[in-house]
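Excluded from the calculations below are hydrogen atoms, water molecules and symmetry mates; all remaining heavy atoms, backbone and side chain alike, are included.
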Amino acid sequence: MTDLLIVTSETDIHADVVINELQNSNIRAIRLNSESFIKTSKYAYSWQASGNPSQSFLSFEDSLKEVQDIGVIWWRKPQDYQVFPEVDDAWAIKYCQEETESLIYSLSGLYPKARWVNNYYKIRLPSHRINQIPIIPPTLVTNSYDAACNFVTQQGKCIVKPMRYSGFLHDEKQYSCYTRPIDVETLETFRESIRLAPVFIQKRIQKKAEYRVTLIGKQSFVCRIDAEHTNDADVTLDWRVAEPDKLVHVPDKLPIDYLNKLHQMLDEFGLNFGAFDMNSSKI
């Protein structure tokens, strides 16, 4: 049996689904939640003077699982590391969190034979939206009100979205940051706050169809997502606003040349897994 180590957080419902599906397989899923790692894990790693490992031990009290031999590491969405209650000094908290983070970022050294989906150090580059510029519509990132107004005026209908930030947890409720329309009037409302952080604006594409394309290894899975029937402008703009069961998901196909380009993109980044959200535009 192969151990699959899933590095994620407590709010990752996608990992929940995968773990459930793997229960009757020959893969044993072991979940590492960043929030509880400090409090619920026990570990010991040692090396001889030659650099050869002499001990490798990792267990989790919350799941009563002990790592045997990690074959695959799935890097999902780890969040902050929560320290023990008795650690209340700000510098001590920072020390505990950063040392723990360093340990987690060293998994490739701790388990050098494990395969990754995807290696953390390889996904950092494409995870930042600006590094995807060659395959996206006219785009502006700025902290200038004048530059933002000029871009929106020139491009017409536009949208604004975060470059990386996905959301936050408040009062045990998860909030997300979705794509929203932006115009000159709205920019005027936020005239004084645009300088506070980068603002990412794109020309809005009139959608004909939306797709989620998932690539794993040499395989590809194309799903067409229909949000038009909801008659909800927010959902039509960003289907992630709606609950998945309110959308129509249809297995579909895309031209092989197009899929080959997506595989080529993964190859260039050194990745073996990718999920692409895309749409075909109305002409």
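Residues Phe269 and Leu259 are members of one and the same hydrophobic cluster, defined by side-chain heavy-atom contacts under 4.5 angstrom among Ile, Leu, Val, Met, Phe, Trp and Tyr. Tracing side-chain contacts under 4.5 Å through hydrophobic residues (I, L, V, M, F, W, Y), one never reaches Val117 starting from Met1; they form parts of separate clusters.
Between Arg224 and Glu210, none of the side-chain N atoms (NZ, or NE/NH1/NH2) sits under 4.0 Å from a carboxylate O, so this pair counts as no salt bridge. Using a 4.0 Å cut-off between a side-chain N of Lys or Arg and a carboxylate O of Asp or Glu, Lys65 and Asp3 do not qualify as a salt bridge. Salt bridge absent: Asp12 and Lys77 never bring a charged side-chain N and a carboxylate O closer than 4.0 Å.
The closest side-chain donor-acceptor pair between Asn52 and Ser50 falls under 3.5 angstrom. One side chain, Tyr145 or Arg191, offers a donor N or O that lies under 3.5 Å from an acceptor on the other. When only modelled atom types and interatomic distance are considered, Ser34 and Ser9 share no side-chain donor-acceptor pair under 3.5 Å.
Within 6.0 Å of OH on Tyr258 lie no more than 12 heavy atoms contributed by other residues, nucleotides or ligands.
In this structure, Lys113 has no salt bridge (charged side-chain N to carboxylate O under 4.0 Å, His left out) partners at least two apart in sequence or on a different chain. Qualifying side-chain contact (heavy atoms from CB on, under 4.5 Å) partners for Val141, counting only residues two or more places apart in sequence or in other chains: Ile130, Met163, Pro198, Phe200.
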Show the numbers, then the answer: is there a ring-ring contact (aromatic ring centres under 6.0 Å, His included) between Phe273 and Trp75? CA-CA 11 Å; Phe273 167 81; Trp75 187 274; over 10 Å; no
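One finds the OG atom of Ser41 at 7.5 Å from the CD1 atom of Ile104 (value rounded to the nearest 0.5 Å). Atom CG of Leu266 sits about 12.0 Å away from atom NZ of Lys122, to the nearest 0.5 Å. Rounded to the nearest 0.5 Å, atoms CD1 (Ile70) and CG (Leu5) are 4.0 Å apart. The distance from atom CG of Asn143 to atom CD1 of Ile194, rounded to the nearest 0.5 Å, is 9.0 Å.
A 4.5 Å side-chain heavy-atom check between Trp116 and Leu107 finds at least one atom pair inside the cut-off. The closest side-chain heavy-atom distance from Phe276 to Leu262 is below 4.5 Å. Between Val199 and Val160 there is a side-chain heavy-atom pair separated by less than 4.5 Å.
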